[in-house]
Amino acid sequence: MEYVSTRGHARAVDSCRAILNGLAPDGGLYVPDTIPALDPGLLSSDLPYPALAEAILKPYLPEYGALVGKLTEQAYRVPQFDCDAIAPVRALCGDLYLLELWHGPTCAFKDMALQLMPRLLSHALKLTGETRKACILTATSGDTGKAALEGFRDVEQTKILVFYPEYGVSPLQKRQMATQEGANVAVQAINGNFDDAQSAVKAIFSDPALAAEIADHAFLSSANSINFGRLAPQIVYYISAYRDLVARGAIRIGEKINVCVPTGNFGNIFACLLAKRMGLPVGKLICASNSNNVLTDFLETGAYDKNRAFHTTISPSMDILISSNLERLLYLSFGAAFTADCMAKLASVGRYTITQKEKALLNEDFFGVCCSEDETKDTIREVFINEHTLIDPHTAVGVFAARRYRERTHDLSPIVCASTASAYKFPQSVLEALSAPVPEDEFAALKALSEKTDTPIPKPLAELSGKPVRFSGAIEKTDLADRVKRFVCFA
Ligand SMILES: *Cc1c(COP(=O)(O)O)cnc(C)c1O
């Protein structure tokens, strides 16, 4: 299997190179040139999660051979994850299931990929004979940054620098990053929003002058979901969830389920599309957005338009107007020339349009729903009171969208909704939704949430209060390139 660029002007590379490069040299994203077929036996197997992951990922990573199984064993185990199931499924009323993806070390679904991806990247260095250091640059809307820092900390021959929007992450997310341990890590706040951070980082990747300047020391790579090494591990849990529903008798093998994903950069939901294209019986993919509803509008009208107000919401990891991985969907559906044209329009005027016929093709797989701030809070409260289940604001957007989809379409198939973060990552917003008093201090808020709901604070978050702050201060986005150079060339 080879990986090709969505924009069609870069040569195909093997899986190691795709992971090392992150972004293709023509500015496109890597996608596999064929999608492997799912072994249907896996849907009734009782393989533990790491072995299931190995079976699913092997065809995507032919260069790694037997290493795949070794690395999935190292990535998906207790104590990094707080349960053996790794990604357990929890039933709510009415054939709705939560796929809990936050049992890893940073309490958000990014761990599912970022516990494995740094191991893949580190071995890609060895397998390709690369002797320079890999410098990982990552823009984060809150959760990727911490998960990437945790995944790459002290990984040999790598360094990682994370940029986050100064006023675009929750206090707890900020604290998680500011206290990050490890000799090869740095964290930098920037004045701007997530799109500013992501665009600036992408510009650095396509800056040949900068690449030449640092070429003796290092090369740049990415831990964002523009890196295919991030997406591949995310395919696994959709298959694992389906298998769980079969095992508990909720569905028969072959029966279709719908999947609802709270979406920002379109990475997690695109991984589910790959699972579907591999042969997993999935009907609709429900694309759930918060008030930054650029994807809902696109799926409804065919016009993608980022020229609109940016909203800072209580689900900050989805506060995104430039949804990078949509590029991969355009490529799979309409090819490279079409995609390159759309991306050029997006870069120049912030907008592109597809025809009604093209839109209808996307609607065969995708249904978009957006959820307001009030609807998010109401959902958190209602699910807690009626279902005794504590969900975070991102998951609440998903649960709202799943129910709205049913109301609108009368499609009663079971829905699996990705539960993307622990409610304890957003204690203040969740307390407010539960109509409880909201302490200003984030650690007091953790405690209050635990007392209010009679649930335990996840250990990695409880332990933060004793850790010193290592990184502080914000820079302008125009200073980002200088910051990168200093980071790459020192130590
Ligand atoms: C990153 C994130 C999302 C959005 O995922 P994408 O792959 O960017 O669509 C949703 N919820 C949480 C908690 C996240 O951290």
Side-chain angles (χ1 to χ4, degrees), residues 29 98-114 117 138-151 162 164-165 168-170 172-173 176-177 194-195 197-198 222-235 237-238 259-274 285-290 292-296 298-299 313-329 366 368 370-371 376 380 391-401 417-426 429-430 458 461:
L29 308 184
L98 292 180
L99 169 57
E100 295 183 350
L101 302 173
W102 39 263
H103 290 273
T106 76
C107 307
F109 92 90
K110 306 296 197 292
D111 289 327
M112 299 301 301
L114 282 162
M117 188 267 212
T138 293
T140 184
S141 55
D143 292 325
T144 293
K146 178 61 185 178
L149 289 161
E150 202 49 46
V162 168
Y164 73 88
V169 302
S170 84
L172 208 87
Q173 288 177 318
Q176 277 188 304
M177 290 188 275
F194 172 73
D195 289 316
Q198 175 163 263
S222 166
N224 281 99
S225 54
I226 56 175
N227 192 316
F228 195 79
R230 266 284 299 277
L231 287 192
Q234 298 180 172
I235 299 169
Y237 46 72
Y238 293 109
V259 178
C260 180
V261 186
T263 302
N265 235 340
F266 210 78
N268 203 6
I269 197 167
F270 184 79
C272 188
L273 180 70
L274 288 178
L285 293 157
I286 303 156
C287 176
S289 301
N290 63 22
N292 295 296
N293 57 356
V294 63
L295 288 168
T296 319
F298 175 62
L299 290 170
T313 73
I314 58 169
S315 46
S317 302
M318 295 154 59
D319 290 346
I320 291 176
L321 295 179
I322 306 172
S323 197
S324 293
N325 282 291
L326 192 62
E327 178 168 353
R328 288 187 159 111
L329 175 63
F366 292 93
C370 61
C371 175
T376 309
I380 294 173
I391 56 174
D392 96 292
H394 303 79
T395 306
V397 168
V399 168
F400 175 87
C417 177
S419 176
T420 49
S422 157
Y424 283 91
K425 280 200 100 159
F426 309 94
S429 305
V430 174
L461 299 179

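Whatever order the structure lists them in is the order used to number ligands and atoms, beginning at 1.
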Exercise. Is the closest heavy-atom distance from Pro262 to ligand 1 below 4.0 Å?
Worked result: yes
Problem set entry | Atoms of ligand 1 close to Ala421 [distance to a heavy atom under 4.0 angstrom, numbered from 1] | 13 (C)
Problem set entry | Numbered atoms and elements of ligand 1 in range of Gly267, under 4.0 angstrom, heavy atoms | 6 (P), 7 (O), 9 (O)
For this session: Among all protein heavy atoms, pick the one closest to atom 4 (C) of ligand 1 and tell me residue, atom and distance.
Result: Gly264 N, 3.6 Å
For this session: Please work out whether the ring planes of Tyr237 and Phe109 are parallel, tilted or perpendicular, with thresholds of 30° and 60°.
Result: perpendicular
Exercise. Side chains of Asp319 and Asn292: donor-acceptor distance under 3.5 Å anywhere?
Worked result: yes
Exercise. Looking at OH of Tyr238 and CD1 of Ile269, how far apart are the two atoms once the value is rounded to the nearest 0.5 Å?
Worked result: 7.0 Å
For this session: State whether the shortest distance between N or O atoms of Ala108 and N or O atoms of ligand 1 falls below 3.5 angstrom.
Result: no
For this session: Dump the intermediate steps for side-chain hydrogen bond (donor to acceptor under 3.5 Å, both in side chains) on Thr106 and Gln176, then the final yes or no.
Result: CA-CA 8 Å; Thr106 76; Gln176 277 188 304; 5.2 Å; no
Exercise. Which protein heavy atom lies closest to atom 7 (O) of ligand 1, and at what distance to 0.1 Å?
Worked result: Asn268 N, 2.9 Å
Problem set entry | Which of the ligand 1 atoms, numbered from 1, are nearer than 4.0 Å to a heavy atom of Asp143 | 12 (C), 13 (C), 14 (C), 15 (O)
Problem set entry | Test of proximity, Thr144 against ligand 1: N or O pairs below 3.5 Å | no
Seminar exercise, completed: Here the atoms of ligand 1 under 4.0 Å from any heavy atom belonging to Ser317 are 2 (C), 12 (C), 14 (C), 15 (O)
Problem set entry | Nearest-contact summary for atom 11 (N) of ligand 1 - protein heavy atom, Å | Thr420 OG1, 2.8 Å
Exercise. Quick check: does any side chain N or O of Asn227 sit under 3.5 Å from a backbone N or O of Gly229, one acting as donor and the other as acceptor?
Worked result: yes
Exercise. Salt bridge or not for Asp143 and Lys425, using N-O below 4.0 Å?
Worked result: yes
Seminar exercise, completed: atom 8 (O) of ligand 1: closest protein heavy atom, distance to 0.1 Å, is Asn265 N, 2.8 Å
Problem set entry | Heavy-atom gap Thr263 to ligand 1 smaller than 4.0 Å | yes
Exercise. Taking both backbone and side-chain atoms of Phe109, is any N or O found less than 3.5 Å from an N or O belonging to ligand 1?
Worked result: no
Problem set entry | Phe298 side chain reached by Leu326 side chain, heavy atoms, under 4.5 Å | yes
Problem set entry | Pairwise side-chain contact, Cys287 with Thr296, heavy-atom cut-off 4.5 Å (strictly under) | no
For this session: Verify whether the ring centers belonging to Phe366 and Phe266 lie closer than 6.0 Å.
Result: yes
Seminar exercise, completed: Quick note on ligand 1: atoms under 4.0 Å from a heavy atom of Lys110 include exactly 1 (C), 2 (C), 3 (C), 14 (C), 15 (O)
